[in-house]
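What follows is a short report on a single structure.
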Amino acid sequence: MPTTAILGLQWGDEGKGKLVDSISARQDFCVRFQGGGNAGHTVYPEGKKIVLHHLPTGVLHKDCINLMAQGMVMDPFKLIDEIAEVEGRGLKLDERLFISDRIAVTIPLHLTLDMDRESGNEANRVGTTKRGIGPTYADRYDRIGVRMADLLDETSLREALQRAVNVRACQTDGNAPGVDSMIKPLLEAGKKLKRYVADTSLLLAEAIKEDKRVLFEGAQGALLDVVQGTYPFVTSSHTTGAGIPAGVGLALKVEDAIGVTKAYCTRVGEGPFPTELTDDTGHKLREAGGEYGATTGRPRRCGWIDLFALRYVCRISGITRLAITKLDVLSGFGELKVGVGYEGHNQPGLPADIRAFSALKPKYESLPGWNDDISKVRKAADLPATARSYLRYLEEFVEVPIGIISVGPEREASFETNGAPRD
Ligand code: GDP
Ligand code: IMO
Ligand code: MG
């Protein structure tokens with residue numbers, strides 16, 4: 001069976017959760033491989049909204065097994081609440097949710113460090129979700145992190161917490177949580193999570209050997225990748241397809257890598273966004289698209305789609321098909337613009353230097369829009385002619401075929417297509 005991935009191609013919130021929900025009905029396994037509670041994946045199973053942060057979206061399908069792999073970070077207290085919310089909907093997770101014993105655990109100290117930095121000197125801010133993501137990953141790579149296995153053994157946990165507190169002492173003002181205040185609640189959380197703990201790379205290796213259908217669910221988006229994105233205004237994990245093997249601890253190859261992009265573009269938090277619109281059109285996009293953060297509620301910055309950036313990230317992420325979401329939101333905009341490059345920028349890639357990236361001035365192509373409500377359309381051929389030509393332009397520029405089109409937040413409001421619709 002082919003392995004499939006759903007990966008964000010912009011700065012997150014492309015509608016990954018919605019697509020994973022549609023596709024995971026046909027999957028045996030759904031696997032998160034990076035990120036943690038910073039993700040907010042909105043889904044409407046049976047019309048009732050739920051936002052998933054840590055849990056793979058496959059939990060919403062009774063026959064799908066869900067792995068939280070070792071490349072993730074996990075806040076045990078938040079995860080316990082999330083499990084309760086999903087189980088409260090009658091979806092039992094025993095034997096269906098497995099958490100890697102090596103997953104990096106966010107401890108209260110990480111939340112303090114994240115919040116202190118975000119509320120301190122403006123020059124040091126990233127505009128994070130304040131979920132402790134950066135400090136948790138930093139501690140993993142500094143080899144002072146706490147892992148899921150530590151939550152199951154008091155001596156290991158005490159040693160791990162002490163190491164983190166000792167090494168980070170120089171970054172805190174003495175009011176940061178200490179070992180004694182953290183250890184008891186973390187051990188309690190460990191007891192609650194114990195039944196889900198497993199060696200998930202081994203489980204995955206067995207699943208692939210048995211030819212199971214496996215779907216990898218990306219969080220964030222390629223432009224938030226810790227190395228490839230708009231550094232330092234990025235998250236702290238590898239969000240592209242390249243992050244999958246290391247994130248699951250298995251040297252595998254993804255056959256069907258579906259890259260998700262909105263038909264326009266959004267971003268939350270600080271950092272450059274060349275095609276951002278701060279005028280009435282940007283405002284109209286935010287209201288028409290309901291562009292407010294699923295995790296933090298912050299208004300999302302909005303702008304036109306940046307096809308140059310999209311083409312670049314498709315190459316590095318190994319994307320085989322595009323999924324275009326929120327096409328319905330562009331109804332009634334009259335003329336549409338698409339970013340096709342930047343003035344004076346003659347390189348095929350994006351600049352690594354943040355000052356150079358921030359200075360990019362987009363070049364646009366204008367395309368005719370449409371006024372019809374397309375939210376009930378269920379096949380590509382039924383889209384208005386101008387919507388079809390918008391998709392063709394996009395596909396030809398990016399050089400990756402369109403495989404899925406989404407026209408609404410509901411489960412059924414998306415359909416497959418074999419490339420952009422031809423006339
Ligand atoms: P994710 O983080 O990539 O899963 O995306 P979010 O859930 O953060 O944000 C996407 C938002 O757009 C959610 O509110 C979805 O319900 C909504 N959505 C997804 N696809 C579509 C679509 O095709 N049309 C419209 N109008 N909304 C959509
Ligand atoms: P999903 O999976 C959009 C952004 C934050 C901030 C930067 C770093 O829903 O697409 P972090 O808390 O990760 O240290 O914040 O990354 N960010 C997201 N933006 N969607 C997300 O996830 C995001 N996760 C993090 O706003 O700019
Ligand atoms: Mg989101």
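The residues of the chain are indexed from 1 along the displayed sequence. Order of appearance sets the numbers: ligands from 1, and atoms from 1 within every ligand.
With a 4.0 Å cut-off on non-hydrogen atoms, Trp11 touches ligand 2 through its backbone and not its side chain. By the criterion of a heavy-atom distance under 4.0 Å, neither the backbone nor the side chain of Glu291 is placed next to ligand 1. At a 4.0 Å heavy-atom cut-off, ligand 1 does not touch Val260 at all. By the criterion of a heavy-atom distance under 4.0 Å, the side chain of Leu224, and not its backbone, is placed next to ligand 2. When non-hydrogen atoms are compared, ligand 2 lies under 4.0 Å from neither the backbone nor the side chain of Arg267.
Contact atoms of ligand 2 toward Lys16: 1 (P), 2 (O), 10 (O) (distance under 4.0 Å to a heavy atom of the residue). Interface atoms of ligand 1 facing Val407, defined by a heavy-atom separation under 4.0 Å, are 23 (O), 24 (N). Short contacts between ligand 1 and Gly40, defined as distances under 4.0 Å to a heavy atom of the residue, involve ligand atoms 1 (P), 2 (O), 4 (O), 6 (P), 7 (O), 8 (O).
Checked against a 3.5 angstrom limit, the closest N/O atoms of Ala294 and ligand 1 fall outside it. The distance criterion of under 3.5 Å between nitrogen or oxygen atoms is not met by Gly12 with respect to ligand 1. Polar contact with ligand 1: absent for Lys18 (N/O pair, distance under 3.5 Å).
Under a 4.0 angstrom heavy-atom cut-off, Arg298 registers as being in contact with ligand 2.
No donor-acceptor contact under 3.5 angstrom links the side chains of Tyr137 and Asp142, judged on distance only.
Selection from Gly12, Gly269, Gly127 by nearest heavy atom to atom 6 (C) of ligand 2 gives Gly127.
Using bins of under 30°, 30° to 60° and over 60° for the plane-to-plane angle, the ring pair Phe216/Phe33 lands in the perpendicular bin.
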